[in-house]
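All values below come from the heavy atoms of this structure, side chains included, with hydrogens, waters and symmetry mates left out.
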Amino acid sequence: MPFTIATWNINSVRLRLPIVEDFLRRFDPDVLCLQETKCPNDLFPHAAFHALGYDHVAIHGQKGYHGVATISKRPFDDVVRQDFCAIGDARHLSVRLDAGERRIRIHNLYVPAGGDEPDAAINPKFRHKLDFLEEMRAMRASGEPDVSAILVGDLNIAPLEADVWSHKQLLKIVSHTPVETEGMTRVIAEGGWSDLMRHHIPEPAKLYTWWSYRAKDWDAADKGRRLDHIWGSGDLVADLRDIEVLREARGWERPSDHVPVIARFAF
DNA sequence: ATGGTTGTGTGACAA
């Protein structure tokens, strides 16, 4: 039974419940990590997930904004909701589960977008994003003895040149500025993480997970960015079998502006 | 340089 995990910024789980259900039926991941659920905890559509065999659901929601959910066929324990930057935003959720011979800590993250102006001195949202990234430096791939780790989510940063449609044109655009891309590189290196998407699909291949709603024809223009990520502890690299970026989902009925990313492992 | 779209919840704000 190979282990499969998916991540998807859904931009309202209630509005897009039909396409989430279709996705689960078709791709059948063991775990689905959602971001931007935009759903208060008491209104979360638990029953829809239980009906599809996802009996184990952890949520960290708030009214209107943000919100993450981890939906699993397998039982998990030790649910943690970390309050990054201590401002009460629902942006993190982690669980621990068994897969094969492994115990795995799964972090589900929604990093602040950071606003439009890439200057922390005049834009508090960008300051918040950089502070969040700074706090992420404490996240270790080997944080618990005998526990592997997977970190997924909408990290709102496209770290590599091949992660954006134009490196030069986006250097001053929030999500691809040097302070962000270098910050993310530092988080990966210091934390002992491996960028599993790029392990499977190395540069210089272009790789995007998000296309703006504002483009007239997102598919033809193809001005995408890789904002969604799957990282793993080093021991998982040898067992990674496949990464799939579901580009077609951007063309589904009433789509999210992000598409699902799926990782499949040998265990 | 500007403006372009979507979602929440009915306002202004976030992305």
Side-chain angles (χ1 to χ4, degrees), chain A residues 7-21 23 33-45 48 59-69 83-85 87-92 108-120 122-133 136 152-159 163-166 168-177 179-181 183-184 208-229 247-261:
Chain A
T7 180
W8 194 5
N9 176 319
I10 197 59
N11 188 16
S12 173
V13 66
R14 284 177 292 171
L15 186 68
R16 278 182 244 293
L17 192 55
I19 62 172
V20 177
E21 291 170 314
F23 171 77
C33 294
L34 295 173
Q35 304 86 35
E36 270 205 280
T37 52
K38 292 186 173 176
C39 182
N41 288 337
D42 56 341
L43 296 178
F44 193 88
I59 58 178
H60 186 190
Q62 65 183 85
K63 186 178 170 182
Y65 307 111
H66 321 317
V68 289
D83 183 11
F84 281 81
C85 303
I87 56 174
D89 279 359
R91 295 182 178 274
H92 170 269
N108 179 0
L109 268 174
Y110 177 47
V111 174
D116 287 333
E117 184 57 58
D119 181 347
I122 60 172
N123 175 10
K125 292 182 202 165
F126 196 66
R127 175 77 270 156
H128 178 210
K129 187 177 195 176
L130 297 184
D131 290 345
F132 197 104
L133 205 53
M136 281 178 70
V152 307
D154 175 6
L155 306 186
N156 267 315
I157 296 174
D163 292 336
V164 291
W165 62 276
S166 168
K168 277 191 175 173
Q169 288 180 250
L170 289 174
L171 272 170
K172 293 181 177 170
I173 301 297
V174 170
S175 74
H176 194 62
T177 64
V179 65
E180 294 169 86
T181 59
M184 173 165 281
Y208 312 141
T209 65
W210 172 91
W211 293 261
S212 172
Y213 282 128
R214 298 173 189 177
K216 284 191 184 74
D217 184 341
W218 71 273
D219 197 16
D222 200 23
K223 293 183 172 179
R225 305 178 202 169
R226 183 170 72 111
L227 302 181
D228 303 274
H229 297 267
R247 182 184 171 109
E248 64 164 88
R250 187 60 179 78
W252 289 351
E253 187 81 15
R254 286 264 246 167
S256 168
D257 44 356
H258 296 251
V259 300
V261 184

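- Nucleotide dA14(B) holds its C1' atom 17 Å from the CD atom of Glu117(A), rounded to whole Å.
- The C1' atoms of dG7(B) and dG11(B) are separated by 13 Å, rounded to the nearest whole Å.
- For the ring pair (Phe, Tyr, Trp, His ring centres under 6.0 Å) test, residues two or more places apart in sequence or in another chain that qualify with Phe132(A) are Phe84(A).
- Atom pair Ile87(A):CD1 and dA14(B):P shows a separation of 11 Å (rounding to whole Å applied).
- Checked against side-chain contact (heavy atoms from CB on, under 4.5 Å), Phe23(A) has the following partners two or more places apart in sequence or in another chain: Ala6(A), Trp8(A), Phe27(A), Pro29(A), Leu32(A), Leu246(A), Trp252(A), Pro260(A), Ile262(A).
- Nucleotides dG9(B) and dT5(B) are separated by 23 Å at their P atoms, to the nearest Å.
- Atom P of dG4(B) sits at a distance of 22 Å from the matching atom of dT8(B), rounded to the whole Å.
- For the residue pair Ser175(A)/Glu180(A), the side-chain donor-acceptor check at 3.5 Å is not satisfied.
- Taking atom P on both nucleotides, dA15(B) is separated from dT2(B) by 22 Å, rounded to a whole Å.
- Legend: salt bridge (charged side-chain N to carboxylate O under 4.0 Å, His left out) pairs involving residues 208-219 of chain A, not counting sequence neighbours, sorted by first then second residue: Asp219(A)-Arg247(A).
- Rounded to a whole Å, the NZ atom of Lys172(A) is 15 Å from the P atom of dT2(B).
- Atom NZ in Lys129(A) sits roughly 13 Å away from atom C1' in dA14(B) (whole-Å rounding).
- Heavy atoms of Arg91(A) sit under 4.0 angstrom from primed sugar atoms or phosphate atoms, though from no base atom.
- Residue Trp211(A) contributes atom CH2, which lies 17 Å from atom C1' of dA15(B) at whole-angstrom precision.
- Across dA14(B) and dT10(B), the matching C1' atoms stand 16 Å from one another, rounded to whole Å.
- With sequence neighbours left out, Asp257(A) forms a salt bridge (Lys or Arg N to Asp or Glu O under 4.0 Å) with no residue at all.
- For Ala158(A), the side-chain contact (heavy atoms from CB on, under 4.5 Å) partners at least two apart in sequence or on another chain are Asp163(A), Val164(A), His176(A), Arg225(A), Leu227(A).
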Summarise how protein sits on nucleotides 3-9 of chain B as a single string, 5' to 3': B when a protein heavy atom is under 4.0 Å from the base, S for sugar-phosphate-only contact, - for no contact.
-> -BBSSSS

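- In this structure, the side chains of Asp116(A) and Phe126(A) stay at 4.5 Å or more apart for every pair of heavy atoms.
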